[in-house]
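To start, the structure under review is shown below, and the notes come after it.
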There are 4 protein chains.
Amino acid sequence: MFRTKILILTDHSVVNMSPRTEEQLASLKDSKRKLIFDAALNAFSERGYHGATVGLIAEMAGISKGLMYSYFKSKEDLLDELLVYGLTRMGEFLSFVPKEGISTPAEFEAALRGMIGLYTAETNFWRLYIIIVLQKNTTPKFEKLMEEMIQGYLGIFITYFKHRGVPNPLAEAMMLGSVLDGIMFDLMVAPDMYPVEDVIKLTIKKFA
Amino acid sequence: MFRTKILILTDHSVVNMSPRTEEQLASLKDSKRKLIFDAALNAFSERGYHGATVGLIAEMAGISKGLMYSYFKSKEDLLDELLVYGLTRMGEFLSFVPKEGISTPAEFEAALRGMIGLYTAETNFWRLYIIIVLQKNTTPKFEKLMEEMIQGYLGIFITYFKHRGVPNPLAEAMMLGSVLDGIMFDLMVAPDMYPVEDVIKLTIKKFA
Amino acid sequence: MFRTKILILTDHSVVNMSPRTEEQLASLKDSKRKLIFDAALNAFSERGYHGATVGLIAEMAGISKGLMYSYFKSKEDLLDELLVYGLTRMGEFLSFVPKEGISTPAEFEAALRGMIGLYTAETNFWRLYIIIVLQKNTTPKFEKLMEEMIQGYLGIFITYFKHRGVPNPLAEAMMLGSVLDGIMFDLMVAPDMYPVEDVIKLTIKKFA
Amino acid sequence: MFRTKILILTDHSVVNMSPRTEEQLASLKDSKRKLIFDAALNAFSERGYHGATVGLIAEMAGISKGLMYSYFKSKEDLLDELLVYGLTRMGEFLSFVPKEGISTPAEFEAALRGMIGLYTAETNFWRLYIIIVLQKNTTPKFEKLMEEMIQGYLGIFITYFKHRGVPNPLAEAMMLGSVLDGIMFDLMVAPDMYPVEDVIKLTIKKFA
DNA sequence: TATGAATGAGATTTCATTCAT
DNA sequence: AATGAATGAAATCTCATTCAT
């Protein structure tokens, strides 16, 4: 996983980090706001922030340019909220990590498969995410959420590796993070020819 | 490593793929063209293609906007040539891989350290490269060069793993590629706190 | 007083120029229409016609944008009607000028104080009024009303100055008009530090 | 004259308040910047800030919209600079007030005629000026310049009235200021029918 | 070669007005 | 009667590209 600042947390308190209640997210379903989010996610992730015009996003959302501005203060604001929304949504889906952390190889595998599953399911979000994270000036709100998320997972894996008696648990967890990042990236660039299953098995063999 | 289309090449013909002679590259040294390339590399990698304005690039290169257009047909042309130039230059630096391929763990380590060294030395190029690769519509020239390069290295590692009697050499090579991609990415996002040395050692332990 | 076209009327027929009966005005009290008028008066006088948005006016009036359009054909129409309404309302308040005109210094003083009192009481209307009058394209209805009003007062003062044997009654009346306009303007710009009472006394001394 | 805050200065130090050297102003002559200033002055004074579009101003200046933005950061910035430029320019023209202040009726008359001459010569600037001053949110730079200018003239007249033994010199000066403001305003609204000469003579009779 | 003023197409943003509810 | 979501025209602003010097 990516990291921006590393504060190792060895407890697992972070998994349930979503500040939004499920109702709030549910209320977004089928709303116009959701339409715009989806369109913007596609547009931004395919063309980058500057390459995706408001006009294009509006067209993809099936609304007028003007209407966008009654939902979002500006294009920049749209990006901000989209990132936070996306990250929060990711948090929602991360139910495959048990609250008590992971301790057995079976749990490790489940977590691994869960995360990689997310990558394939939400390619657009992760693509956007990479683009944004590589550019300067991320928004503070987004950065904070990211950090929480990253450190949460890092902590979980550190604990796991400690538990398994691995010599350098931190390095092990960070390398695993890089593996996951690399897999995400490669799946993004060439999803069709990547031997995911083989790589997952190898990863389990080398890390679990 | 990144891949876009995978044609496994098991020979090592690719390392010296650059069609440009060294003289051609040398002639670039200290030229205006080089100045522009450097400026554009910084600007594009920091702000993306659309976010980096021609005016900014010219300013960073210390020349006028007008002059840029006697060196490059257009902004798009500048990006094209920059990418090819960068990739070619990468090829130049890849001297750490012996022509006959690698066969011992020591050679493996040398190659690994060489590549990771490249990431830290040429961060901007790799950042630009990632941004471009994640977006559609790469230029054909660039795509071809990339493919050659990637498959070359993939082939080298496949051969190495075969040689070492590893069960599934392709998957092993692809996972190693992902590890390298992940490390590159993490180094890009948070270079200061990434335990490179520890991760390199772990990678050698797990792959060499 | 301001003038746009000068037709000297020496009779005093103008004071009660309003074609609206008091009932008509009374029917406006507390109506939605009145709410909108008040809001529009504030908005227009503070920000000018183009600077005051329909949305803002609606918000200030505590109603929806949509409802505004069942009371007024358009924003321009709202301005038109507001101006006429305001001017008519001014006429209502101008009771301090006796029907037979003024002939004694005491009456002069009363009229003077009455008008200046109006300025301080209805700052917003006069501010709007100035803004509109300085810009081209006033509406004909409004222009006609204005002219009637102005010439009425001008006539009253001309008669007064004639009566008092002043050499050039027209010039005297016009200068007095300028004094009143200047006072109105200064009161608008810096009401707190203007020595109104002193200036009134001086005006009486110089003109009555 | 208008005032916003009143600090009575009884010396005459303010007349030469222009911070720009004459060369700087001269360098503006015939420049594109000057063209834009002139166009903007006309447009703003005729239609107000929001009513005058950047497109219109550019057209009146005979340039493209785009070019405006290499001379001025924004429309608002254009207004700001225009106001300061105009006020500074006014200061330049105010040579009819002797450095030592005014003390004789002849000098009073010269000053009066000078100022009224300015009103007729630079109608557009004063119209713009009024429009701006009646609206909130003037720029601080402009406000400061205005205050200097106003207090300067106020001080000059206060000194004059003191010198002439007038009972309440401050009130007298402020009323005279209102007279001038009123004349300016009336000249703006109906220049053709205003009996300027007669009113000037009356003003001299009543104040000098 | 070198400049940067100038353009115009297109991007972002605003807002009067309409209309389904 | 009342709302405010929705539109589209027009406003502000940006920027790749050209061109006179």
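Chain letters run A, B, ... following the sequence lines, proteins first, then strands; residues in each count from 1.
Going from atom CG of B:Leu35 over to atom P of E:dA2 covers 11 Å, rounded to whole Å. At whole-Å resolution of the value, CZ in A:Arg33 and C1' in F:dG4 are 17 Å apart. The distance from atom NZ of A:Lys34 to atom C1' of F:dA5 is 20 Å, rounded to the nearest whole Å. Across the protein-nucleic acid pair, A:Lys65 atom NZ and E:dA16 atom C1' stand 16 Å apart, rounded to whole Å. Per the geometry, CE belonging to A:Met68 stands 9 Å off P belonging to E:dT13, to the nearest Å. Straight-line distance from the CZ atom of A:Phe44 to the C1' atom of E:dT12: 12 Å, rounded to whole Å. The distance from atom CD1 of B:Ile36 to atom P of E:dT3 is 10 Å, rounded to the nearest whole Å. Atom NZ in D:Lys32 sits roughly 12 Å away from atom C1' in E:dT7 (whole-Å rounding).
Among the atoms of the strands shown, none is found under 4.0 Å from any heavy atom of B:Ser70. Residue-level contact check: D:Ser64 touches the bases, meaning some heavy atom is under 4.0 Å from a base atom. Across all strands shown, D:Tyr71 has heavy atoms under 4.0 Å from sugar-phosphate atoms exclusively, and none from any base.
Between A:Tyr85 and A:Phe37, the ring planes are parallel. Angles under 30° get that label, and only those over 60° would be called perpendicular. Ring planes of A:Tyr129 and A:Trp126: perpendicular class, angle over 60° (limits at 30 and 60°).
For C:Tyr69, taking side-chain heavy atoms from C-beta onward, the closest of the listed nucleotides E:dA16, E:dT3, E:dT7 is E:dA16. Of the candidates E:dT3, E:dT7, E:dT12, E:dT12 carries the atom nearest the A:Thr53 side chain, counting heavy atoms from C-beta on. For C:Leu67, whose side chain is taken as the heavy atoms from C-beta onward, the closest listed nucleotide among E:dT13, F:dA1, F:dA16 is F:dA1.
Nucleotide E:dT21 forms a Watson-Crick or G-U wobble pair with F:dA2, both donor-acceptor distances falling under 3.5 Å. Base pairing analysis places F:dT7 opposite E:dA16; the two distances defining the Watson-Crick or G-U wobble pair are each below 3.5 Å.
Nearest-nucleotide positions on DNA chain F for B:Lys75 and D:Gly66 put D:Gly66 closer to the 5' end. Annotation: of the two residues near DNA chain E, B:Ile63 and A:Gly55, the 5′-most nearest-nucleotide partner is B:Ile63. Toward the 5′ end of DNA chain F lies the nearest nucleotide of A:Gly62, the other residue of the pair A:Gly62 and B:Lys73 mapping further downstream.
For the pair A:Val54/A:Leu78, no side-chain contact is recorded, criterion being any heavy-atom separation below 4.5 Å from C-beta on.
The local environment of CZ in C:Arg127 is crowded, with over 12 non-hydrogen atoms from other residues, nucleotides or ligands closer than 6.0 Å.
For the pair D:Lys75 and D:Tyr49, the cation sits on the ring face: its NZ or CZ lies under 6.0 Å from the ring centre, inside 45° of the axis.
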